[in-house]
Amino acid sequence: MKRRNFVKKASLTTMAGIIGADIVFGSKMPVNYQPLALQETDPFTLFNLDKEMVVLNDKPWNIEAKAHLLDEKVTSNKNMFIRNNGIPPENIDISKWTLTIDGESVQQKKTYTLSELKSKFKQYTYQLTIECGGNGRSEFNPPAKGNQWTVGAVSCASWTGVRLKDILDDVGIKDSAVYIGYHAADSHISRDPNKEPISRGVPMSKALQDETLVAFKMNGKDIPAAHGYPLRLVCGGWPASTSGKWLNGISVRNKEHDGAKMKAPAYRVPKNPVVPGEKVKDEDMKIIESMPVKSLITYPKSGAMIDLGKKLNIRGHAWAGELEVIKMEFSIDFGATWHNCTVEKPVNRLAWQHFNAAITFPEKGYYEVWARATDANNVAQPMLVPGWNPKGYLNNACHRIAVKVK
Ligand SMILES: Nc1nc2c(c(=O)[nH]1)N[C@H]1C(S)=C(S)[C@@H](COP(=O)(O)O)O[C@H]1N2
Ligand SMILES: [Mo]
């Protein structure tokens, strides 16, 4: 703690405002010191979360939803998973926030203020599905290290912003461009200012899609602090790690971006299937691009009870990375037979799709309802956990709920 530099008057006033009282000896407070009253440790209050959200890690915060919390058509802040790799930025002054576009493949480096971005480019709103590459990791055996996500590291919120392609067009991109990489304002967990916690990216073909947004609103309001306030890259349908929160820079690269968590084995899976537990060489891994087809039953909760003769109405969402879901089915006999659900069209490309079905059960007893989505390439979800991989990515097994008929 540096005792010689004292806190600036302006930030003292801000802190006093939040605490709701003057900090009497504030002028004696060391710089970067966080008053206890501001060291909020209850994530539910801190992030405004539903009380049923599940905390997997508190340093950094990693919090997931339960399936039934994702029942809304558009995910609200209180039910949205949080995945942080480092320490989110504090005391953000949006009047000073900028986005700098640089890299080997820009005509010239260019910096925009937040208000320039908002006024210079046309704004678009899309619902975009964002799923962590490690969603479902908890089911792999042998277990993979990392957050033990079950099913809840996925969201589909409504994002408003400007198209990355319009910004890149304004900057001017050289023919040599192959990849973009994002830079953000969060700090490495070690607090080492020379290290980025995460700096990932996507190939130009994804960067230039209409739906790839540099967003400043989520669900019609400022992006919540945990989800990237005041600016975020959103690449729907790809591993959520490509959607950089607290965005302040984009490098247009003449090679695959090599920022933090771009190198193997991060966000990579074996090129060919491997025996569970096997060591895989870096050069035998490939980077995850579009996420696989998947679905979630969001109503009812697992463990539902129903009277014999009554219909059970199930519902949920299905998504398939870059592709559309063309078929949604359910099974009540452990996958022996399948029946169609109704599945809606997406409101826009890369938004999850809603499904529902009315199920009749033949007699009293225990059942499981399994749900299975099929994408536009006719690829269906596997019934059980798919290909084991060292980091536990891409588990898109059918979601199941237990039902008792009495
Ligand atoms: N700057 C920054 N962006 C980030 C991350 C991060 O730690 N820092 N985590 C990434 C990962 S791994 C995921 S899964 C998503 C999570 O987004 P959410 O917390 O808004 O749900 O943000 C991505 N973007
Ligand atoms: Mo992630």
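Scope of the values below: all heavy atoms of this structure, side chains included, with no hydrogens, waters or symmetry mates. Keep in mind it's a predicted model, so treat the numbers as computed, not measured. Atoms within a ligand are numbered from 1 in the order they appear, just like the ligands themselves.
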Could you list the donor-acceptor pairs under 3.5 angstrom formed between side-chain atoms of residues 378-387 and any protein atom two or more places apart in sequence or on another chain?
unit_1	atom_1	unit_2	atom_2	d
Q381	OE1	S295	N	3.3
Q381	OE1	S295	OG	2.6
Q381	OE1	A373	N	2.9
Q381	NE2	N396	O	2.9
Q381	NE2	A397	O	3.3

Any Lys/Arg nitrogen of E368 or R400 sitting under 4.0 Å from an Asp/Glu carboxylate oxygen of the other?
-> no
Donor-acceptor list for residues 154-163 side chains, cut-off 3.5 Å, not counting sequence neighbours:
unit_1	atom_1	unit_2	atom_2	d
T160	OG1	T125	OG1	2.8
R163	NE	D210	O	3.0
R163	NH1	Y124	OH	3.2
R163	NH2	Y126	OH	2.6

Heavy atoms under 4.0 Å from ligand 1: which residues qualify?
-> F81, I82, R83, N84, N85, C132, Y182, A184, D186, I198, H227, R232, A240, S241, S243, G244, K245, W246, Y267
Passes ring pair (Phe, Tyr, Trp, His ring centres under 6.0 Å), F361 versus Y366? Steps please.
-> CA-CA 10 Å; F361 296 92; Y366 173 86; over 10 Å; no
Between H339 and F330, is the ring centre distance below 6.0 Å?
-> yes
Please name all residues satisfying ring pair (Phe, Tyr, Trp, His ring centres under 6.0 Å) with H399, sequence neighbours left out, ordered by chain then number.
-> none
